[in-house]
Every structure is written in C-alpha cells, then in structure tokens.
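In what follows, chains are A, B, ... by sequence order, proteins preceding strands, each numbered from 1. Small disclaimer: the values here were computed from a predicted structure and weren't measured.
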Amino acid sequence: MARTLIKDLRQHIGQEVKIQGWIRTIRDQKRVQFLIVRDHTGLGQATAERSESLAAMNETISALTRESAVTVIGKVVENPVVKTGGVEVLVRQLVVEGAADGQLPLDVSGAQESNPEVRLNWRFLDLRRPENLLIFQVQTAVEHAMREYWLREGFLEIHSPKLMGSASESGAELFELKYFDRPAYLAQSPQFYKQMAMAAGFDRVFEIGPAFRADPSFTPRHATEFTSVDMEMSWIESHEDVMAFEEQWLQYTLSRVKEQLGPQIRSAFGADVIVPQVPFPRMPMPDVLRILTRKGHTPERKGDLDPAGERLLGEYVAQELGHEFVFVTDYPADVRAFYHMRNADTPAVTKGFDLLWKGVEVTTGAQREHRYEILVAQAREKGLSLEPIQFYLDFFKYGCPPHGGFGFGLSRMLMVLLNQPNIREVTYIYRGPTRLYP
RNA sequence: GGGGGCGUAGUGUAGCCUGGUUCAACACGCCUGCCUGUCACGCAGGAGAUCGCGGGUUCAAAUCCCGUCGCUCCCGCCA
C-alpha cells in the first residue's frame, strides 16, 4: 500500500490510506483515542474508537509514547470539527516502527523551548520541530534559485579542494592537520581556486562549499565551519559589474523564495520576504563614516566598520533610503586583502566592497588585481612571504583577464531572512570553537 | 584572545542579593486510575533533582568565596 502524505489526506476522503510519521500528541479517552501524527508535510489526526475487535490496538495506543515513529492505516473521513484540516483517519491498524523513550530531552511540540545547548546536543530532535524543517526547505530553495540564475548567466560550478598546502588568505587563522608526514590546512575560502578558474579561461564560476576558520569567535554570526557561497567572473570593467550582478542574483533568489515559501516563512517566523529593488544603494566608506559620526558613533578601527557601525548603517539605510541592503565601497587598502585591486588615481582606495543586509555583513567582494607585478608589490606591502603563495601568483603570469567576485555567507543570509538571532539556528549541524558534536 | 551573564527533577522556571523550620517549589512531560470526540482534552493520585564539577569559609551552603568545565552575550575578527 502506497504511503499518503498528511497534506494530501483531504484528497482521499472515503478511501483507506497509510500515513507514516511521528506521534505528537496522544489523547487517550475512555471511548475513543486521538493521535496527532506529524510527517514532513503537516499534522493529521488519527482516531481509534475503543471496541472489542480493536482491543489489542487500543492497548498499543495506550502504551504509545510521544515522538514514536508509527505507521497508521485507516479510512479517511471528513469531519469539520477536527482542527487539523477537517479530516481524520479512522485507525484500523497501527504499527509502532520505532518507539520513543517516554522521557524526551526536549519538547518537540514547541510548547516550551529548551536551552540552546540542550537543543544542539539533541539536534535531531530539535530538527523535528516544523520551523526547523522549514529553515532547510528555505535553504534548499535559496541554493536552487542561486544556481538557476548562475546557470542562466553561463556560469560553471566548481568544487575546489578543502585540503591545502598553504594559507589561502592572510588574516583568518588556519586549522592545521596531519597530511601523511607533513602539515596541511583546511581551506578558509575557495578564493585562490576560483581565481584560478579565471586564469584557466572558465570565464565565470561559482561554488557552494565549506570553509573553515580557526578563529575563536564568540558571536551569534560566526562558526568555525560554514557554507561559503562564492563566485568569480572575468572580463569585468570594475567591481561595479560584480555588484550589479550580485544585486540581480539576490533579487531573483529572494523572489523565488518568496513565491515558493513566503507564506510559510511569514507564519513560522513573522518575517516578510521583501524582494529588493535594484540597484541597491551604494555608499563609499567616507560617506558611511560621516553618517556614523553624525549619529555619534566612532568606529574602533580607522576606515573600517565595526559591528555596531554596521547595525547603525543598516538602520540609517532602512530609514533614509527605504532599503534593506547597502553596498559599502571605497574601503581603504590597509583594511583589505592584498589581492583587491586599487583605484588607479587614488591607490589608497580599493575596488572592494561589502554588502550589508539589515546591518549584517553578508558579502565581501572586489575586483581582483590581475597584473602580476602590481599584485606582488601589494603582497610585499602587506608583509606576506611570497613563497607559499607563489602557485597563486603564477596564475597572473601567463595572461589572466580582469576579473572579480565575492564570497557570501549562506547561513548569515538565512539568519537575516528568517529573523533568527543566531547562526546556530539556521545551521544544520553547528561547528564552533567548543562545539564538535553531534 | 579580553569583558559581562548563566548552569537547580526528563524539559522550562522559582528559590540565591537578605546563608539555617523548603535537603528544594511551580508548570509541562512521565506513571497509575477515572473520563461518550478530544484538539494546549479534563479530573484525582504518584514517582522523579543530594541544586554543573572540585575545593574553601561557616556550627550550617542551591544560597558566600576561589578554581574548573560548559553555555551565552558584547568586543576583537570575519562569510
């Protein structure tokens, strides 16, 4: 007998069906027993009358525990009184496929939310809550829409190695591991390898994959392993081409998410998916600093934004410009990576940008420096030793086109999109400085 | 890495400031019984924690002090 999904019960009124899911609630009464069954499509009521012929099954139901996995077979009847969809399944047969221990470590029904720690320890139970399922449905829709857009624009999907012989970027710290008889490192970013695809003539590439950072960062928006969304495109005229691409790509992605899951997101998280207007506002760093100063905020580090500054700027852009996004441009060279291209006329200023969404940094991007001599000079200026990155520098010795791209935090996007306070909420299995399990 | 907060039955909290008739209360869950259809079902009864761990102060510590582990937030850093 084929399984019927709970959302489809209404289409089977009068028929016998098989539904499979987890017991959310048991209301065991004298004459009749009610079970609320949950599958990945919704909640449905299974009703068992107490009778002589069903006595054994009635016993089984009396002994059932919440969150047990069951198969229920019975006839679907319409009953407007029933709050789960106005239909119920009159149980003829019930099989306990996997019994649950009576003492659950957290409340799957959502009536009382457990501590973050308990929820992460019992992540598989936490994920049974329908809102959590929705998060990953949204993630799937997001990635799918991104890929649709890229493919339409002629991009190739690449998978760069996560094991590396040297650092891919200065700054962020590396996880070191044993690689036979020598050290290796986990990739902090696919940066060098996506640029390699430009040198290889792939024209445009993207990658959605893991990145690792050994920073002991204790914030709601950092993880030691996260999914990085990266793209790189050739033959650009400036970083403006990259920003123009990104805003349209995001507009498309959000419009797809809204049409597919907008109402669900609204009811589960109270968040409206707003499809942003393009172009997004662009603000050069000096203007940003002027605005923040006017609001009485002085950033810690000269010429760069701190988290409080990002939040303030987000508020300003929302109020004054009516937009959730803002590109910050014209970052000074001393706070950007050596491979960011600098302005020809004002070399202290880079062709790099960040994208802030509701005050959270979701992207860093730039036009890259593709001219070997200049790139080497910039690396030297940053005090980098050239030997470990020579393989990268070589990309630019044999005819590399002008190019640029960005890195985008998938979980950060979901966090902002779904109004979640913490990246752990939107990460399937979170990895942090002190979290390696489950 | 620096700073703040937290850690009490299966779960969520109260008690801690003003140590001792509270060796711990309430709610949810769990167990037992009752209940003509419930829908956060209801009613009655019951079990369950030596108060993260270690040490100290004291006649006496969940309650004060120190250490430690874990969580969390802010800063730094970034996706």
Side-chain angles (χ1 to χ4, degrees), chain A residues 24-36 43-50 62-67 77 79 81-86 88 90 100-122 125-126 169-173 188-191 208-230 299-301 304-311 335-337 354-357 360-365 406-416 421-424 427 430 432-435 437:
Chain A
R24 184 194 141 101
T25 310
I26 304 154
R27 291 192 274 271
D28 187 1
Q29 297 183 185
K30 175 126 182 166
R31 298 286 179 82
V32 64
Q33 299 169 305
F34 300 101
L35 301 174
I36 305 300
L43 298 175
Q45 176 165 290
T47 305
E49 304 263 1
R50 281 189 186 271
S62 288
L64 258 182
T65 48
R66 294 150 90 224
E67 293 306 319
V77 298
N79 183 348
V81 175
V82 176
K83 292 191 175 174
T84 49
E88 60 185 335
L90 300 180
D101 193 292
Q103 298 284 352
L104 291 162
L106 55 79
D107 179 13
V108 178
S109 79
Q112 54 187 188
E113 185 152 296
S114 295
N115 289 322
E117 184 180 4
V118 172
R119 291 173 43 218
L120 287 188
N121 287 344
W122 296 94
L125 288 176
D126 189 38
E169 287 185 67
S170 60
E173 289 186 34
Q188 304 156 290
S189 135
Q191 185 60 38
I208 299 178
F212 305 89
R213 305 273 165 94
D215 280 310
S217 287
F218 298 96
T219 79
R221 61 192 184 286
H222 286 86
T224 49
E225 176 174 353
F226 63 94
T227 302
S228 185
V229 176
D230 278 89
E300 300 274 328
R301 200 154 60 124
D304 201 359
L305 280 172
D306 50 10
E310 289 171 355
R311 287 191 290 269
V335 300
R336 302 298 272 198
D354 276 9
L355 177 63
L356 270 50
W357 188 10
V360 175
E361 184 183 328
V362 292
T363 283
T364 294
F406 61 80
F408 177 95
L410 182 63
S411 297
R412 285 201 180 169
M413 176 199 195
L414 290 170
M415 184 170 92
V416 175
N422 201 299
I423 200 165
R424 300 166 189 80
T427 304
Y430 166 77
T434 59
R435 170 66 68 172
Y437 293 96

Structure string for RNA chain B in dot-bracket form, Watson-Crick and G-U at under 3.5 Å, | interchain: ((((((((.[[[[.)....(....]]]].(((((.......))))).....[[[[[..)....]]]]])))))))....

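Here the side chain of A:Asn115 pairs no donor or acceptor atom with the backbone of A:Val118 at under 3.5 angstrom.
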A:Gln33 and A:Thr47: CA distance, side-chain angles, deciding distance, side chain to side chain donor-acceptor pair (under 3.5 Å) verdict: CA-CA 6 Å; A:Gln33 299 169 305; A:Thr47 305; over 6 Å; no

Trace of the salt bridge (Lys or Arg N to Asp or Glu O under 4.0 Å) decision for A:Arg66 with A:Asp107: CA-CA 10 Å; A:Arg66 294 150 90 224; A:Asp107 179 13; 3.5 Å; yes

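The residue A:Asp28 sits close to a base: some heavy atom pair falls under 4.0 Å. At a threshold of 4.0 angstrom between heavy atoms, the contacts of A:Val229 with the nucleic acid are absent. The residue A:Asn115 sits close only to the backbone: its heavy atoms come under 4.0 Å of sugar-phosphate atoms, none of a base. Across all strands shown, A:Glu225 has no heavy atoms under 4.0 Å from either base or sugar-phosphate atoms. Residue contacts shown for A:Pro220 are limited to sugar-phosphate atoms, with no base heavy atom under 4.0 Å away. Using a 4.0 Å heavy-atom cutoff across all strands shown, A:Ser109 reaches no nucleic acid atom at all. Using a 4.0 Å heavy-atom cutoff across all strands shown, A:Pro105 reaches sugar-phosphate atoms only and no base atom. Heavy atoms of A:Arg221 sit under 4.0 angstrom from at least one base atom. In this structure, A:Glu67 reaches neither bases nor backbone, as no heavy-atom distance under 4.0 Å exists between it and the strands shown. At the heavy-atom level, A:Ser114 lies under 4.0 Å from the strands shown only through sugar-phosphate atoms. Within 4.0 Å of A:Arg311, counting heavy atoms only, lie sugar-phosphate atoms of the nucleic acid but no base atom.
The gap from the P atom of B:U63 to that of B:G7 amounts to 11 Å, rounded to the nearest Å. Across B:U11 and B:C78, the matching P atoms stand 39 Å from one another, rounded to whole Å. B:G15 and B:C6 are spaced 16 Å apart, taking the C1' atom of each and rounding to whole Å. Taking the C1' atom of each, B:A49 and B:G12 are spaced 14 Å apart, rounded to whole Å. Nucleotides B:U32 and B:U36, compared at atom C1', are 22 Å apart to the nearest Å. Using C1' as the reference atom, B:C74 and B:U50 are 36 Å apart when rounded to the nearest Å. Rounded to whole Å, the P atom of B:U22 lies 37 Å from the corresponding atom of B:C34. Comparing the C1' positions of B:G3 and B:A14 gives a spacing of 29 Å, expressed to the nearest Å.
The base of B:G37 is paired with the side chain of A:Glu88 by a donor and an acceptor separated by under 3.5 Å. Contact of A:Arg412 with B:C78 (side chain to base): a donor-acceptor pair of N or O atoms is detected under 3.5 Å. One can find a donor-acceptor pair under 3.5 Å joining the base of B:U38 and the side-chain atoms of A:Gln45. Between the side chain of A:Ser217 and the base of B:C77 there is at least one donor-acceptor pair of N/O atoms closer than 3.5 Å.
Atom CD in A:Gln112 sits about 10 Å away from atom C1' in B:G10, given to the nearest Å. Separating the CZ atom of A:Arg31 from the P atom of B:G37 is a distance of 8 Å, rounded to the nearest angstrom. Taking atom CZ of residue A:Arg66 and atom C1' of nucleotide B:A40, one finds them 11 Å apart after rounding to whole Å. Taking atom CD on A:Gln103 and atom C1' on B:G10, their separation rounds to 4 Å, with Å as the unit. Distance CD1 (A:Ile423) to C1' (B:C73): 16 Å, rounded to an integer number of Å.
From A:Ile36, atom CD1 reaches atom OG1 of A:Thr84 across 5.0 Å, with rounding to the nearest 0.5 Å. Interatomic distance, OG1 of A:Thr25 versus CD of A:Gln45, reported as 10.0 Å (0.5 Å rounding). Interatomic distance, A:Leu43 CG to A:Lys83 NZ, rounded to the nearest 0.5 Å: 13.5 Å.
You'll find that the side chain of A:Lys30 is closest to B:C34, out of B:G29, B:C78, B:C34. Comparing B:A27, B:G76, B:C77 by their closest approach to the side chain of A:Thr219 singles out B:G76. For A:Asp306, taking side-chain heavy atoms from C-beta onward, the closest of the listed nucleotides B:G76, B:C39, B:C28 is B:G76.
Mapping A:Gln29 and A:Gly407 onto RNA chain B by nearest heavy atom places A:Gln29 at the nucleotide closer to the 5' end. Nearest-nucleotide mapping onto RNA chain B: of A:Tyr430 and A:Ala223, the residue sitting toward the 5' end is A:Tyr430.
Between A:Asn422 and B:C73, a side-chain N or O to OP1/OP2 separation shorter than 4.0 Å is present.
You'll find the side chain of A:Met415 stays beyond 4.5 Å of the side chain of A:Asn422, heavy atoms only. Side chains of A:Asp126 and A:Leu106 form a contact here, defined as non-hydrogen atoms less than 4.5 Å apart. At least one side-chain heavy atom of A:Glu88 sits less than 4.5 Å from a side-chain heavy atom of A:Val77. In this structure, the side chains of A:Thr224 and A:Pro433 come closer than 4.5 Å at one or more pairs of heavy atoms.
A:Asp215 and A:Ser217 share no side-chain donor-acceptor pair at under 3.5 Å. No donor-acceptor contact under 3.5 angstrom links the side chains of A:Arg213 and A:Ser228, judged on distance only.
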Close N/O contacts between protein and nucleotides 68-71 of chain B (under 3.5 Å):
| from | atom 1 | to | atom 2 | distance (Å) |
| --- | --- | --- | --- | --- |
| B:G70 | O2' | A:Glu117 | OE2 | 2.7 |
| B:C71 | OP1 | A:Thr434 | O | 2.9 |
| B:C71 | OP1 | A:Thr434 | OG1 | 2.6 |
| B:C71 | OP2 | A:Thr434 | OG1 | 2.4 |

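A:Arg424 forms a cation-pi arrangement with A:Tyr430, by the criterion of a distance under 6.0 Å to the ring centre and an angle within 45° of the ring axis.
A distance cut-off of 5.5 Å between ring centres, combined with a plane angle under 30°, places A:Phe226 in a stacking arrangement with the base of B:A79.
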